[in-house]
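Here the structure is a predicted model, which is why all the values come from computation and not from measurement.
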Amino acid sequence: GYRALALVTSDATELRSRTGRDLTGAYAELADLRRAVTLQEVVLDGEVVVIGEEGRPDFNALQNGRGPFTYVAFGLLYADGEWLLERPWRERRARLAEAVAPEGSPRLILSDHVDERGEALFAAAAERGLEGIVAKRADSAYRPGQRVKEWVKIKSRPEMVATIGGFTEGAGSHRGTLGALLVGEPDEAGGLTYLSHVGSGFSHDLARRLWDRLRALEVPEPPFTNEVPSQGSPPRWVRPDLRAEVSYAERTQDNRLRAPVFGGLVDDPGEGSDVPPGPFGG
């Protein structure tokens, strides 16, 4: 899903990204979250998702703007005049359950959790083909804009943020759209080491949009410091301005990613405050 803060007052709902970008218009059908909130003013932390088949999130549908969209709330940051950032997670979670009544709106879901049985939950998530789980210390405070050790993502597949240094064109009926991304990672000398062609994880519509975006960044020389193997159509090079989330099965002995899958562009690096300005202040 897409991380979003929901600022809900008695007469309006405002959605913001972690960096403060207004998302309200993009997900207009979430304007009725007010019906599922029992307090007058709250700031919720959560994700916008599209629930697909068998109850699993459909990230491709979300990237392509195909709803219906649902807001999954997992945090309560502000409640009727009180900031809760320093309160322990267990208290914030209990107060979230009191502040939200999901039966009031089909567009809001309260995230579930289990205590202590993390290994069993992870096994169940992996079996269902889910991305993984998030583990949090029950006594931890909320730290806006910080990577802290009190909570961790546990992935069912390894994942990394890779730098896009090139791309190829699709073949046959996919000509004129993206065939694969050429990704790498920075090396100790400040260069970019090629890691893999990433040719799965995007729909036809997304491949076309990425193709247009990457063509605008084309340069004549490769940004990679090592050799890029030939796969499919000839490689085309871009300024390494964009980064992508990439999951993979493993790294091979020659430092290649096996079975890589595109997970989305990293346009929001999470810098700055997680609590954007809004009707309740910063």
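- In this structure a side-chain-to-backbone donor-acceptor pair under 3.5 Å is present from Tyr71 to Leu44.
- Contact check for Leu265 versus Leu210: side-chain heavy atoms found under the 4.5 Å cut-off.
- Thr177 and His204 make their closest contact through CG2-CE1, 3.8 Å (heavy atoms, listed as atom of the first residue, atom of the second, distance).
- Using modelled atom types, one finds no donor on one side chain facing an acceptor on the other under 3.5 Å when comparing Asp205 with Ser203.
- Rounding to the nearest 0.5 angstrom, the gap separating the CZ atom in Arg175 from the OG atom in Ser233 is 8.0 Å.
- Without hydrogens or angle criteria, Thr193 side chain to Thr225 main chain gives no donor-acceptor distance under 3.5 Å.
- Contacts of Ala125 classified as side chain to side chain contact (heavy atoms under 4.5 Å, CB included), with partners at least two apart in sequence or in another chain: Leu130, Ile133.
- Salt-bridge check for Arg251 with Glu185: passed, with a basic side-chain N closer than 4.0 Å to an acidic carboxylate O.
- Here the side chains of Val134 and Phe74 are not in contact, with every heavy-atom distance at 4.5 Å or above.
- Linking ILVMFWY residues whenever their side-chain heavy atoms come closer than 4.5 Å, directly or via other members, leaves Phe224 and Val183 in distinct clusters.
- Ile109 and Leu96 fall into different hydrophobic clusters, where Ile, Leu, Val, Met, Phe, Trp and Tyr are joined by side-chain heavy atoms under 4.5 Å apart, directly or via other members.
- Rounded to the nearest 0.5 Å, atoms CG (Asp187) and CG (Leu192) are 7.5 Å apart.
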Mind listing the side-chain donor-acceptor pairs of residues 28-40 below 3.5 Å, one per line with the distance, residues two or more places apart or on another chain?
from  : atom 1 : to     : atom 2 : distance (Å)
Glu29 : OE1    : Phe69  : N      : 3.1
Asp32 : OD1    : Ser105 : OG     : 3.2
Asp32 : OD2    : Arg35  : NH1    : 3.1
Asp32 : OD2    : Ser105 : OG     : 3.3
Arg34 : NH1    : Thr9   : O      : 2.7
Arg34 : NH1    : Leu39  : O      : 3.3
Arg34 : NH1    : Gln40  : O      : 3.0
Arg34 : NH2    : Val37  : O      : 2.9
Arg34 : NH2    : Leu39  : O      : 2.3
Arg35 : NE     : Gly104 : O      : 3.3
Arg35 : NH2    : Gly104 : O      : 3.4
Thr38 : OG1    : Glu98  : O      : 2.9
Thr38 : OG1    : Ala99  : O      : 3.2

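- The CZ atom of Phe202 sits 4.5 Å away from atom CG of Leu178, with the distance rounded to the nearest 0.5 Å.
- The shortest distance between side-chain heavy atoms of Arg3 and Asp45 falls below 4.5 Å.
- With sequence neighbours left out, the side chain to side chain donor-acceptor pair (under 3.5 Å) criterion links Glu150 to no other residue.
- Asp241 is linked by a side chain to side chain donor-acceptor pair (under 3.5 Å) to Arg239, counting only residues two or more places apart in sequence or in another chain.
- Using a 4.5 Å cut-off on side-chain heavy atoms (C-beta onward), Leu76 and Glu91 make no contact.
- Not counting sequence neighbours, the partners of Tyr194 by the side chain to side chain donor-acceptor pair (under 3.5 Å) test are His197.
- Within the model, atoms OH of Tyr27 and CG of Leu62 stand 5.0 Å from one another, a figure rounded to the nearest 0.5 Å.
- Applying the side-chain hydrogen bond (donor to acceptor under 3.5 Å, both in side chains) test to residues at least two apart or on different chains, none of the pairs has a partner in residues 116-127.
- Note that CG of Leu7 and CZ of Arg16 are 7.5 Å apart. Values are rounded to the nearest 0.5 Å.
- Atom CD of residue Glu169 and atom CH2 of residue Trp211 lie 3.5 Å apart, to the nearest 0.5 angstrom.
- Between the side chain of Thr70 and the backbone N or O of Leu108, no donor-acceptor pair lies under 3.5 Å.
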